[in-house]
> 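This is the structure, below, for whatever I ask next.
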Amino acid sequence: MNTLTDRYLAATLRSVPAQRRDEIATELRASIDDMIDDRTGSGEDPTAAEREVLTELGNPDVLAARYADRRLQLIGPTYYLLWLRLLKLLLSFIPALVGTIVTVVEAAEGKGFGAIGPGIVTAMQVAVQITFWLTLTFAIIERTQTAVDLPEWTVDQLPDAPVHRGIPLADTIASVIMLVLTIAYLPLQHYQSWVRGTDGENVPILDPALWSFWLPALIVVLAASVVFEIVKYRIGRWTWTLFGIKAMLNLAFTVPLMWLALSDRLLNPALAERLSWVAEADNRDALGLAIAVGAAAVVAWDLIDTARKTRQQTA
């Protein structure tokens, strides 16, 4: 069920101590039901009665604060909820956006993985600045008693009751980050590699000839996998259709990778000039076999695990 009462309860309970949620939920639902019954007993429409009761109870965040005996104020209670909502909104994307831009700029200047540190530090500094200046602004508004026309709370602002998701957000974020890093590495290794030539020039790990078709094709598959992860999270659970699409994407990446590794077309032939063991055909064959077997094992385990989750969530 996702009635107004369910949504009101969910919005209230998310801000109360976990150990008291069951107790408060039972008490609050009983109170709401009694108040609705009193109104419907007088001939009022049940739907209208429910809206009026919830409107009378007021903002669920304020009610939750009363249950938790928590004061809603930074310096005073008037603008606390607005301050908190704006702070969460700004911190949700601005520090990450600025940090990413700094990381990209540093990487473009040739710092490689060393560009990650400045990006993280910048993101943290931006978060601190946002918190400080927003808090100072609201403190000034409250202390000077500047009139701010805040909209009245209505039941139409209630969010939908949370639905249990079979796809955790953390798993989705981790998968997307790994895919994006893999996409970024393919061109980056041509400019920043751990192998250097005799004259100090960069020696790519992968054969530059692969850019004629295979590397762009693999990047397309990885980009499609990023889109798939986002769509999967939006759907919220595994289905056999999603499993089939994931299997096709996995095979579209793994099969070419295995073939290139086994046919000695994956690694850059120039590596043999700096790594003597790569110059021996037997060693290259063994390395190619190891890459192919490793890739096959990873995709097999991933598909088995995904099939298990799909069966559980579609049962």
> Under the salt bridge (Lys or Arg N to Asp or Glu O under 4.0 Å) rule, collect the residues that match up with Arg39, sequence neighbours excluded.
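Here the qualifying residues are Glu44, Glu52, Glu56.
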> My understanding is that a hydrophobic cluster links ILVMFWY residues whose side chain heavy atoms are under 4.5 Å apart, including indirect links. Using that, what else belongs to the cluster containing Trp240?
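Other cluster members: Phe243, Val299, Leu303.
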> Heavy-atom distance under 4.5 Å between the side chains of Glu229 and Met178, does that happen here?
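With C-beta onward as the side chain, the pair stays apart.
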> Quick one: side chain to side chain donor-acceptor pair (under 3.5 Å) pairs with a partner in residues 170-184, sequence neighbours left out?
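Every candidate side chain to side chain donor-acceptor pair (under 3.5 Å) pair involving residues 170-184 fails, so no pair, neighbours aside, qualifies.
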> Taking only residues two or more places apart in sequence, or in another chain, which ones meet Ile94 in a side chain to side chain contact (heavy atoms under 4.5 Å, CB included)?
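Side chain to side chain contact (heavy atoms under 4.5 Å, CB included) list for Ile94, sorted by chain: Leu90, Val98, Val126, Ile130.
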> Whether the Thr3 and Asp6 side chains hold a donor-acceptor pair (N or O, under 3.5 Å, no angle test) is what I'd like checked.
yes
> Give the minimum heavy-atom separation between Ala64 and Ser15, together with the two atoms involved.
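Minimum heavy-atom separation between Ala64 and Ser15: CB-CB, 3.8 Å.
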> Can you tell me how far the OG1 atom of Thr55 sits from the CD atom of Glu50, to the nearest 0.5 Å?
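So the gap between those two atoms works out to 10.0 Å.
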> What pairs of residues pass the side chain to side chain donor-acceptor pair (under 3.5 Å) test when at least one of them lies in residues 290-299, not counting sequence neighbours?
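For residues 290-299, and leaving out neighbouring residues, there are no side chain to side chain donor-acceptor pair (under 3.5 Å) pairs at all.
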> Kindly indicate whether the side chain of Leu210, heavy atoms from C-beta on, has any atom under 4.5 Å from the side chain of Leu266.
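Yes - at least one pair of side-chain heavy atoms lies under 4.5 Å apart.
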> If Ile, Leu, Val, Met, Phe, Trp and Tyr residues are connected whenever their side-chain heavy atoms lie under 4.5 Å apart, and connections chain through other members, are Ile245 and Leu251 in the same group?
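No; tracing contacts between hydrophobic side chains, which count when under 4.5 Å, never links both residues.
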> Without swapping roles, check the side chain of Asp285 against the backbone of Asp282 for a donor-acceptor pair under 3.5 Å.
no
> Please evaluate residues Asp207 and Arg265 with respect to the criterion side chain to side chain contact (heavy atoms under 4.5 Å, CB included), reporting the C-alpha separation (whole Å), side-chain torsions for both, the decisive distance (0.1 Å), and the verdict.
CA-CA 7 Å; Asp207 191 345; Arg265 301 184 183 185; 5.7 Å; no
> Output all residues satisfying side chain to side chain contact (heavy atoms under 4.5 Å, CB included) with Ile173, sequence neighbours left out; order by chain, then residue number.
Leu169, Ile177
> Supply the atom-to-atom distance Leu188 CG to Ile205 CD1, rounded to the nearest 0.5 angstrom.
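So the gap between those two atoms works out to 11.5 Å.
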> Sorted by first residue and then second, give each side chain to side chain donor-acceptor pair (under 3.5 Å) pair with at least one member in residues 209-219; sequence neighbours left out.
His190-Trp211
> Side-chain contact, heavy-atom cut-off 4.5 Å: Met124 with Ile120?
yes
> For a quick test of reading the model, state the closest non-hydrogen atom pair linking Ala68 to Pro17 and the distance between them.
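Residues Ala68 and Pro17, closest heavy atoms: CB-CD, 3.8 Å.
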> Looking at side-chain heavy atoms only, is the closest gap between Thr239 and Thr310 below 4.5 Å?
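Side chain of Thr239 against side chain of Thr310, heavy atoms only: no contact under 4.5 Å found.
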> Check whether Arg20 reaches the backbone of Tyr67 with its side chain - one donor and one acceptor, N or O, closer than 3.5 Å.
yes
> Just by modelled atom types, is the Gly58 backbone N or O under 3.5 Å from a matching donor or acceptor in the Tyr8 side chain?
yes
> Taking all non-hydrogen atoms of both residues into account, name the closest pair between Leu13 and Ala25 and its distance.
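Scanning both residues, the minimum pair turns out to be CD1-CB, 3.6 Å.
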> Are Val255 and Leu257 connected into the same hydrophobic cluster when the rule is that any two of I, L, V, M, F, W, Y join if their side-chain heavy atoms are below 4.5 Å apart?
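Leu257 and Val255: separate clusters.
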> Who are the salt bridge (Lys or Arg N to Asp or Glu O under 4.0 Å) partners of Arg14, not counting sequence neighbours?
Asp61
> Heavy atoms only: give me the nearest Pro60-Leu158 pair and the separation to one decimal.
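Nearest heavy atoms, Pro60 then Leu158: CG-CD2, 3.8 Å.
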> Please write out which residues are connected to Met258 in a hydrophobic cluster, directly or through intermediates, given that two of Ile, Leu, Val, Met, Phe, Trp, Tyr count as joined at side-chain heavy-atom separations below 4.5 angstrom.
none
> Could I get the full list of side chain to side chain contact (heavy atoms under 4.5 Å, CB included) partners for Leu287, not counting sequence neighbours?
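With neighbours one apart ignored, the set is Leu267, Trp277, Ile291.
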> Would a single hydrophobic cluster contain both Val226 and Tyr185, if residues Ile, Leu, Val, Met, Phe, Trp and Tyr are joined by side-chain heavy-atom contacts under 4.5 Å?
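Yes: a chain of side-chain contacts under 4.5 Å links Tyr185 to Val226.
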> For a side chain to side chain contact (heavy atoms under 4.5 Å, CB included) check, start with the C-alpha distance between Val102 and Val121, then their side-chain angles and the critical distance, and finish with the verdict.
CA-CA 10 Å; Val102 170; Val121 171; over 6 Å; no
> Would Leu186 and Leu206 satisfy side chain to side chain contact (heavy atoms under 4.5 Å, CB included), going step by step from the backbone distance to the final call?
CA-CA 8 Å; Leu186 293 179; Leu206 303 179; 3.7 Å; yes
> Are any non-hydrogen side-chain atoms of Leu222 and Val180 less than 4.5 angstrom apart?
no
> Quick one: closest heavy-atom pair of Leu249 and Ala224, and the distance?
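Residues Leu249 and Ala224, closest heavy atoms: CD2-CB, 3.9 Å.
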> Please round to the nearest 0.5 Å and tell me the distance separating atom CZ of Arg66 and atom OG1 of Thr12.
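Going from CZ on Arg66 over to OG1 on Thr12, the span is 9.5 Å.
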> Is there a chain of hydrophobic side chains (I, L, V, M, F, W, Y, each step under 4.5 Å between heavy atoms) that links Phe253 to Trp301?
no
> Please identify each residue that fulfils side chain to side chain contact (heavy atoms under 4.5 Å, CB included) with Ser42, with sequence neighbours left out.
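For Ser42 there are no side chain to side chain contact (heavy atoms under 4.5 Å, CB included) partners, ignoring immediate neighbours.
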> Atom CZ of Arg308 and atom CD1 of Ile304: how far apart are they, to the nearest 0.5 Å?
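Arg308 atom CZ to Ile304 atom CD1 measures 11.0 Å (nearest 0.5 Å).
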> I need the single residue from Ile32, Asp38, Leu4 that forms a side chain to side chain contact (heavy atoms under 4.5 Å, CB included) with Val53. Which is it?
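Result for side chain to side chain contact (heavy atoms under 4.5 Å, CB included) with Val53: Ile32.
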> To the closest 0.5 Å, what do you measure between CG (Asp34) and CZ (Arg29)?
12.5 Å
> Can you name the closest pair of heavy atoms from Leu218 and Ala252 and give their distance?
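Heavy-atom minimum between the residues: CD2-O, 4.3 Å.
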> Would you give the length of the straight line joining atom CD1 of Ile24 to atom CG of Leu9, rounded to the nearest 0.5 angstrom?
11.0 Å
> Show the numbers, then the answer: is there a side chain to side chain contact (heavy atoms under 4.5 Å, CB included) between Leu87 and Thr135?
CA-CA 9 Å; Leu87 183 63; Thr135 303; 5.6 Å; no
> Under the side chain to side chain donor-acceptor pair (under 3.5 Å) test, which residues partner Gln129, sequence neighbours left out?
Trp133
> Cluster question for you: counting only ILVMFWY and a side-chain heavy-atom cut-off of under 4.5 Å, with indirect links fine, are Ile235 and Val227 together?
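As far as the 4.5 Å side-chain criterion goes, Val227 and Ile235 are connected within one cluster.
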> With a 4.5 Å heavy-atom cut-off, do Trp238 and Lys232 have their side chains touching?
yes
> Just one of Asp156, Asp45, Thr154 clears the side-chain hydrogen bond (donor to acceptor under 3.5 Å, both in side chains) bar with Arg51, so which one?
Asp156
> Using modelled atom types and a 3.5 Å cut-off, is there a donor and acceptor pairing between side-chain atoms of Thr40 and backbone atoms of Asp37?
yes
> Please determine whether a side-chain nitrogen of the Lys or Arg among Asp305 and Lys309 lies less than 4.0 Å from a carboxylate oxygen of the Asp or Glu.
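Salt bridge: yes.
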> Would you say Asn250 and Lys246 make side-chain contact, with heavy atoms under 4.5 Å?
yes
